Structures are given as structure tokens and as C-alpha cells.
Enquirer: 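To start, I am sharing the structure in question, which I have written as C-alpha cells.
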Number of protein chains: 2
Amino acid sequence: MPTIHEKHAAVFKAFCDEKRLAIITMLHKGERCACELQEYLPIGQSTLSHHMKILCDSGVVVGRREGKWIYYSISRQGSEYAVELLKQLTAVSPD
Amino acid sequence: MPTIHEKHAAVFKAFCDEKRLAIITMLHKGERCACELQEYLPIGQSTLSHHMKILCDSGVVVGRREGKWIYYSISRQGSEYAVELLKQLTAVSPD
DNA sequence: ACCTCATATCTAATATTTTCGATATATTGA
DNA sequence: TCAATATATCGAAAATATTAGATATGAGGT
């Protein structure tokens, strides 16, 4: 059973790796399937799949299957959650 | 020379480790010196120092020396930067 | 100057993450 | 059903992060 800190850490794992930030940046303009992402990244297919899993686990990215392809995009809901969580984590109690 | 993604990743490294989240949580109520933090965490002195360095490098935490002690606290400016950066990173272009 | 205490740095061990190649699964089309 | 394509999972190697103990630095007091 993961602790609350572990769950929170999983959200920000999305953003603490260079390659994943590159992937997120590529999703700014909208949905991209894995093969498109791979085309622009110097990593193998299984490595990309591993990063996509971490991104999806964080909730910040979601995948949508369409036939053989999976289209990934930034989740508005997941992103908002991450921002709210970050605000909470860095809030200082007024005293 | 670090890439832009590496610099951004450094900000979120603060939040992707359980122990660091525990430290940040301890700073919610205000300044704490390293010895106070260590008292409540099951880690050695050098390990705490290592984590404090990562937290300070992220900009989210700042240290203030007072005599022999260093008082750490959450940086309002650093936190706001992190929140804004997160918003930018997860922004989706309206098209 | 010396001693003490708080924190940082160094070094090495261990743990975790990233990566790749091979294989498995899932979907489509023939 | 079989072949082809996209993605996931497995297993192992390489890279990186975390950790602890030893030592160094820095500040205050004697």
C-alpha cells in the first residue's frame, strides 16, 4: 500500500525527467500517437512505452486507443490536479 | 550546460521523492533547522543534507544561516515559480 | 588558538530508474 | 486463420539516485 507521499511523488515523477518533459512538450499542440512521438525522440520503442506508463500513472497524460494506435494527450483534469496539489504542498500556514 | 528540460526537471525533483515530500510537509508550519528536521526523519545527517541541497536547488526551499544553524523554509517565490512552470508545461494550445 | 557543535562534502555501497533487445499481446486487413 | 503493425511486458545491462560513515568546513564560545 503506497503512502500518501508516494502517491504524490508519482504525480511529479512525470516532470522530473528530461525525456518525459520533451514528450509533454510534444503534446502541447494536441494528441500524438506513440509512433509520432518516437519519431522525434532518440529512444527505443520499449523505452517510450515505459515513459508513457509513468506519464499516464501520474494522471497528467491520458491515452486513447483508436485501432492499432494509442493517441496520447495532456489531461486537463490531471494537470489541474497536479497544479492544485503543488499549491497545497508549498502552502505555508499563515501565523 | 544543462538543457531547458533539465533545468525544469530540477524544479520538480523536489516533489518526486517521498522523503523530500515529508521534509516539505514539515516546513508548512514555518522555518525548521536541519537538526529539527532530522529529529523527525529516519535518515542520517549526510542524507538529510543531500536532500536539502536538492530542495534548495529546486528553488522551492531556501536556507538561512543563523549562527551554527541553518533554518530552512518554503520559498514563496520559488513555489510560485514552480506552480507557474507546471501550468505552462501542462498548457494545451487552443486550436 | 582550541574545542564543540551544526552542516557540507567525499567515498563507497545499495537501491532504483532508464534503457535496450526479445518476446508477448492486441488490432486490423487479407 | 494468418500476416502485418502498434504497443506492452519481460529480463538484463547501464546509468543515476539514495544512503551511510568518515572527514571537512564553518561558526560560536572559552
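Fair warning: this is a prediction, and the values are worked out from it, not measured in the lab.
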Enquirer: Sequence neighbours excluded, which residues qualify as side chain to side chain contact (heavy atoms under 4.5 Å, CB included) partners of V92(B)?
Expert: I74(A)
Enquirer: Please write out the pairs of protein N or O atoms and N or O atoms of nucleotides 19-21 of chain D separated by less than 3.5 Å, giving the distance to one decimal.
Expert:
| residue | atom | partner | partner atom | Å |
| --- | --- | --- | --- | --- |
| dT19(D) | OP1 | K19(B) | NZ | 2.6 |
| dT19(D) | OP2 | H51(B) | NE2 | 2.3 |
| dA20(D) | OP2 | G44(B) | N | 2.9 |
| dA20(D) | OP2 | T47(B) | OG1 | 2.9 |
| dA20(D) | N7 | S46(B) | OG | 3.0 |
| dG21(D) | N7 | S46(B) | OG | 3.4 |
| dG21(D) | O6 | S46(B) | OG | 3.0 |

Enquirer: Could you list all the salt bridge (Lys or Arg N to Asp or Glu O under 4.0 Å) pairs where at least one residue sits in residues 34-50 of chain B, not counting sequence neighbours?
Expert: none
Enquirer: Which residue pairs satisfy the ring pair (Phe, Tyr, Trp, His ring centres under 6.0 Å) criterion with at least one member in residues 10-35 of chain B, sequence neighbours excluded?
Expert: F12(A)-F15(B), F15(A)-F12(B)
Enquirer: If you link I, L, V, M, F, W and Y whenever their side-chain heavy atoms are under 4.5 Å apart, who else ends up in the same group as V62(B)?
Expert: none
Enquirer: Quick one: side chains of residues 43-55 of chain B, donor-acceptor pairs under 3.5 Å with protein atoms, not counting sequence neighbours, listed by atom name and distance.
Expert:
| residue | atom | partner | partner atom | Å |
| --- | --- | --- | --- | --- |
| H51(B) | ND1 | R20(B) | NH1 | 3.1 |
| K53(B) | NZ | D57(B) | OD2 | 3.4 |

Enquirer: With sequence neighbours left out, write down each residue that passes ring pair (Phe, Tyr, Trp, His ring centres under 6.0 Å) with Y72(B), or none if nothing qualifies.
Expert: none
Enquirer: Between the two end axes of the helix from dA1(C)-dT30(D) to dA30(C)-dT1(D), each built from 5 base pairs, what angle do you get to the nearest 10°?
Expert: 30°
Enquirer: Keeping to residues at least two apart or across chains, list the salt bridge (Lys or Arg N to Asp or Glu O under 4.0 Å) pairs with something in residues 1-19 of chain B.
Expert: none
Enquirer: Atom CD of E6(B) to atom P of dA17(D): distance rounded to whole Å?
Expert: 10 Å
Enquirer: Report which part of the nucleic acid Y71(A) touches: base, sugar-phosphate, or nothing (heavy-atom distance under 4.0 Å, all strands).
Expert: nothing
Enquirer: Just jot down the side chain to side chain contact (heavy atoms under 4.5 Å, CB included) partners of P42(B), sequence neighbours excluded, or say none.
Expert: none
Enquirer: Would you list the pairs meeting salt bridge (Lys or Arg N to Asp or Glu O under 4.0 Å) in which at least one residue belongs to residues 60-86 of chain A, sequence neighbours left out?
Expert: E31(A)-R64(A), R64(A)-E66(A), R76(A)-E80(A), E84(A)-K87(A)
Enquirer: What integer distance in Å separates W69(A):CH2 from dT25(C):P?
Expert: 22 Å
Enquirer: For nucleotides 27-30 of chain C, tabulate all protein N/O to nucleotide N/O atom pairs closer than 3.5 Å, reporting atom names and distance.
Expert:
none

